[in-house]
Amino acid sequence: MRLAILLICALLAPVSAAAQEAWLQIAAERNIDRARAVAEQFSGALPGISLIELGSSWIAVAAGPLPEAQAAALLRDLRATGAIPRDSYLSDGARFGEVLWRAGTALPPPPDGSGTAQPAETPPGAAPVDAARLREAQRALAFQALYAGPLDGQVTNETRAAIARWQAAAGYGETGSLDDAQLTALLAPMQAAEAPMGFETVQDDVTGITIDIPSALVAFDRHDAPYAHYAPRAESGVSLRVISLPGEAPMLRALFEVLQADPEIPETGFRELEGDSFVVMGSDAARTAYAWAEARDGAIKGFVLFWPAGGSAGSDLTARDRAVSRLRASFVANPTQVMALPPAQAPRTEPAPEPVLWRRAGVAVSAEGAVLTVADGLDRCARITLGAGRAGRVMVSDGRLALLQPEEPSGAALPAMLLAAPVAPGTVVTLAGFGQGGDSVRATPVPARVEGQQGALLTLDASLLQGDGGGPVLTDTGALAGLVMPGTPPRAVATPVLREFLVQAGVLLADAAPQAAPLTALAQAQRAQLLTVAVTCWP
C-alpha cells in the first residue's frame, strides 16, 4: 500500500503555492498509540503526516497542509484505490488544535485520560438525553461532514460543538443541544437521501442481531451458518450477508482470512484487521463489497454488503456509503444468540432435482477418485453418486468410516495430505462441506477452532449443518487434521484413526511437511474446494 501511495504522490502535478491549503484527514482516534499506529502506515508516503488535537480527547491523523486542488486529487485517487478509509475527508484545519506529533519527530507521552472521550457537562435542569436520539443526530451531523466522532449516543464536548456548528449554519442559537424541531430539521437531508432504500428495522433471533435493512433493495433469503442471506430485490443488484458465529480473536482472524479469499469479494481494495474488529473492502468493474465484523463477549457479529458498480437506481457509491453508515449505526448484537442451528432445523436453500435421502461431504484420497467419508446412513442407499453424478460404491467400511470408489476412474485432483502430528487445542482450522445439502461446496469455507480431543474424536468450536458431515478439517497449511462427523456436538475423527483405516483399505496418503508454510487465504479456500466431494444417497 505504501508503494501505491508513493506512486500516486509522484504523479500529482505541481500546484501554485498561492492556492488555498487543505488537510487530508485520514482518521480520528481517542488513543494516541492507536493514532500513531495509523500515522506510521502513511509516514514517508504522504506529506506532512501529523497527529493533531481535535478536542474532547480526539486526535486527528492528517496529511498536509497541501494546496487544496492537490489535496482533493490525492483524496480522490487514494479512495479509488482503497488505500485509505472511505470516510477520510478534506479539512481546512479550523478545528485543529495543538500538533502532538509530526513525522520525523519523537512522540510525546500520552496525557492522562487520553484514551477516553470526555463527557460534556449537562446544563443544570436539562432533561436526560435519549441515546438513540443522539446517535441519530450524530449520524446526521456526520452526513453533513460536521462531526467525525463515534456514533455512540454520548453527550461529549465534540458532539455539542458539532451541534453548535450546525445550529450556526442553520440560523439557530448555538446552544449545543437540540429541541424536537431542530432535530427534525437536522435529520431531514439524511432521511431524504436514505428514503429510496426503504430501511426497516429487523430483529433476527437466529443471528442475535438487530439491524436496519434496506428493504427496498434486498429481501431475506435464508439462514446458512454463519450467515443470514438477503438477496437482491427486483433489479437492485444489492445483496447482504449478516454474520453471526461463536468465537473470539483467533476466530475473528480466521474469518478475516476467509472473507479475503471469498470469490464474491473483489481482490482489489482495503483490508484492515485491528484489535477486535476488521474491515474488508473490494471493488472491480462489476461490484463493490464492504465487510465489517467485531468480536465481543464470545461472539463474532458483522455484515457483508455487496453493491453494483453501476446500472441500477441508487447504485452509486455515495448511496452505498450511506447504506454502510446506516447498517453500522443501527447494528445491535446480542452475544448470547449466535448462528448455530441444529442440523435438523436447517432450512433448505432449494429443493433437490429429485428426492434424495441425504447429501453430505467426502474427501478425495486418490488420484483415481476414491473418497473417504463417514459411514452413517450408507446402508440405506439404493445407489450412491460422487461429485456431479458419477456412480460410486462402498469398497470398505468399519461402521464409522467408509471408502467409496467411483465406478469409473475420475482423474480427480491432488488428494489430501495427512497431518503428521496431533493437532493442538486452540488451533484455528477450516471446514468445508455442503451446508444445507446443496450441490456445491460452500463458496466460503467456515472457520472453526479445535477445543480438544476425546479419544479418537476432536471436539470443535464450529457451526455445522447437515451437509457438512464427512467434510475435511484443514490446518492453515492445507493438511487434513480430521473428518467432520454429522450431528451435534461438533466433532471430527482425528488423523491417526483416518490413517489406520486408509492403510487397512490399501490407501496410502502422504504426510504434510512438518515445516510447511501456511497457505494464503485464497489458496486455502481453493484447496478446500478441490478436496471436498459431494456424496449423495439415493432411495
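Residues I211 and L327 are in side-chain contact: their nearest non-hydrogen atoms beyond the backbone lie under 4.5 Å apart. Looking at V371 and V363, their side chains never come closer than 4.5 Å, going by heavy atoms from C-beta outward. With a 4.5 Å cut-off on side-chain heavy atoms, Q453 and L458 count as touching. Residues D476 and V428 are not in side-chain contact: their nearest non-hydrogen atoms beyond the backbone lie 4.5 Å or more apart. V374 has its side chain within reach of R360: a pair of non-hydrogen atoms, C-beta onward, lies under 4.5 Å apart. Using a 4.5 Å cut-off on side-chain heavy atoms (C-beta onward), F278 and L259 make contact. Side-chain contact check for P246 versus D461: some heavy-atom pair is nearer than 4.5 Å. At least one side-chain heavy atom of R400 sits under 4.5 Å from a side-chain heavy atom of M485.
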>> Let's go through D262 and R241 carefully: what are the C-alpha distance in whole Å and the side-chain angles of both, what is the deciding distance for salt bridge (Lys or Arg N to Asp or Glu O under 4.0 Å) to 0.1 Å, and is it a yes or a no?
In response: CA-CA 13 Å; D262 188 333; R241 300 182 202 158; 2.7 Å; yes

>> Set out, in order, the CA-CA distance, both residues' side-chain angles and the distance that settles salt bridge (Lys or Arg N to Asp or Glu O under 4.0 Å) for E451 and R491, then state yes or no.
In response: CA-CA 10 Å; E451 292 186 326; R491 297 173 302 167; over 6 Å; no

> Can you check side-chain contact (heavy atoms from CB on, under 4.5 Å) on T159 and Y147, steps first, answer last?
Replying inline: CA-CA 7 Å; T159 302; Y147 176 73; 3.6 Å; yes

> Can D204 and T210 be said to form a side-chain contact (heavy atoms from CB on, under 4.5 Å), step by step?
Replying inline: CA-CA 6 Å; D204 185 349; T210 301; over 6 Å; no

>> Run the side-chain contact (heavy atoms from CB on, under 4.5 Å) test on F306 and V238 for me, step by step, so that the C-alpha distance in whole Å, both residues' side-chain angles and the decisive distance to 0.1 Å come before the verdict.
In response: CA-CA 6 Å; F306 296 95; V238 177; over 6 Å; no

>> Does L372 form a side-chain contact (heavy atoms from CB on, under 4.5 Å) with L483? I'd like the steps, not just the answer.
In response: CA-CA 9 Å; L372 175 66; L483 197 74; 4.1 Å; yes

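Within the 3.5 Å criterion, the main-chain N or O of Y227 finds no donor-acceptor partner in the side chain of D224. Checked by atom type and distance alone, the side chain of R320 never pairs as donor or acceptor with a backbone atom of T288 at under 3.5 Å. Without hydrogens or angle criteria, S236 side chain to L217 main chain gives a donor-acceptor distance under 3.5 Å. K301 contributes a side-chain N or O that, together with a main-chain N or O of G208, makes up a donor-acceptor pair within less than 3.5 Å. Looking at T373, its side chain does come within 3.5 Å of a backbone N or O of A361 through a donor-acceptor pair. In this structure a side-chain-to-backbone donor-acceptor pair under 3.5 Å is present from T459 to G452. Not a single donor-acceptor pair under 3.5 Å links the side chain of Q138 to the backbone N or O of A140.
Remark: of the listed residues T495, V473, L531, L498, L498 is the sole one forming a side-chain contact (heavy atoms from CB on, under 4.5 Å) with L480. Evaluated for a side-chain contact (heavy atoms from CB on, under 4.5 Å) with S330, the options I209, V202, D212 yield exactly one hit, D212.
Here the CG-CH2 distance, from D376 to W358, works out to 8.0 Å after rounding to the nearest 0.5 Å. Between E200 atom CD and I213 atom CD1 the span is 9.5 Å, to the nearest 0.5 Å. Note that the CG atom of L178 and the CG atom of L134 stand 8.0 Å from one another [nearest 0.5 Å]. The line from CZ of R326 to CE of M190 is 7.0 Å long, rounded to the nearest 0.5 Å. Distance CZ/R322 to CZ/R139: 11.0 Å, rounded to 0.5 Å. The line from CZ of R253 to CG of L273 is 7.5 Å long, rounded to the nearest 0.5 Å.
Minimum interatomic distance between G377 and C537 (heavy atoms only, all atoms of both residues): O-SG, 4.3 Å. In this structure, R271 and P266 approach most closely via the heavy-atom pair NH2-O, 3.2 Å. Contact record, L460 with A492: CD1-CB, 4.1 Å, taken as the closest heavy-atom pair. Shortest non-hydrogen contact noted between D468 and G433 is OD1-CA, 3.3 Å. When all heavy atoms of V338 and A299 are compared, the pair lying nearest together is CG1-CB, 3.8 Å. Taking both residues in full, the closest heavy atoms of L252 and S277 are given as CD2-N, 3.6 Å, listed atom of the first, atom of the second, then distance.
Under 3.5 Å, the side chains of R328 and Y290 contain a donor-acceptor pair of N or O atoms. Q337 and T207 share no donor-acceptor pair across their side chains, judged by distance under 3.5 Å alone.
Atom CD of Q454 sits in a sparse spot, with 12 or fewer heavy atoms from other residues, nucleotides or ligands closer than 6.0 Å. Other residues, nucleotides and ligands contribute at most 12 non-hydrogen atoms within 6.0 Å of the CD atom of Q203.
The cationic group of R287 does not satisfy the cation-pi geometry with W307, failing either the under 6.0 Å distance to the six-membered ring centre or the 45° limit from the ring axis.
Ring geometry, F331 versus W292: the interplanar angle exceeds 60°, so the pair is classed perpendicular (tilted spans 30 to 60°).
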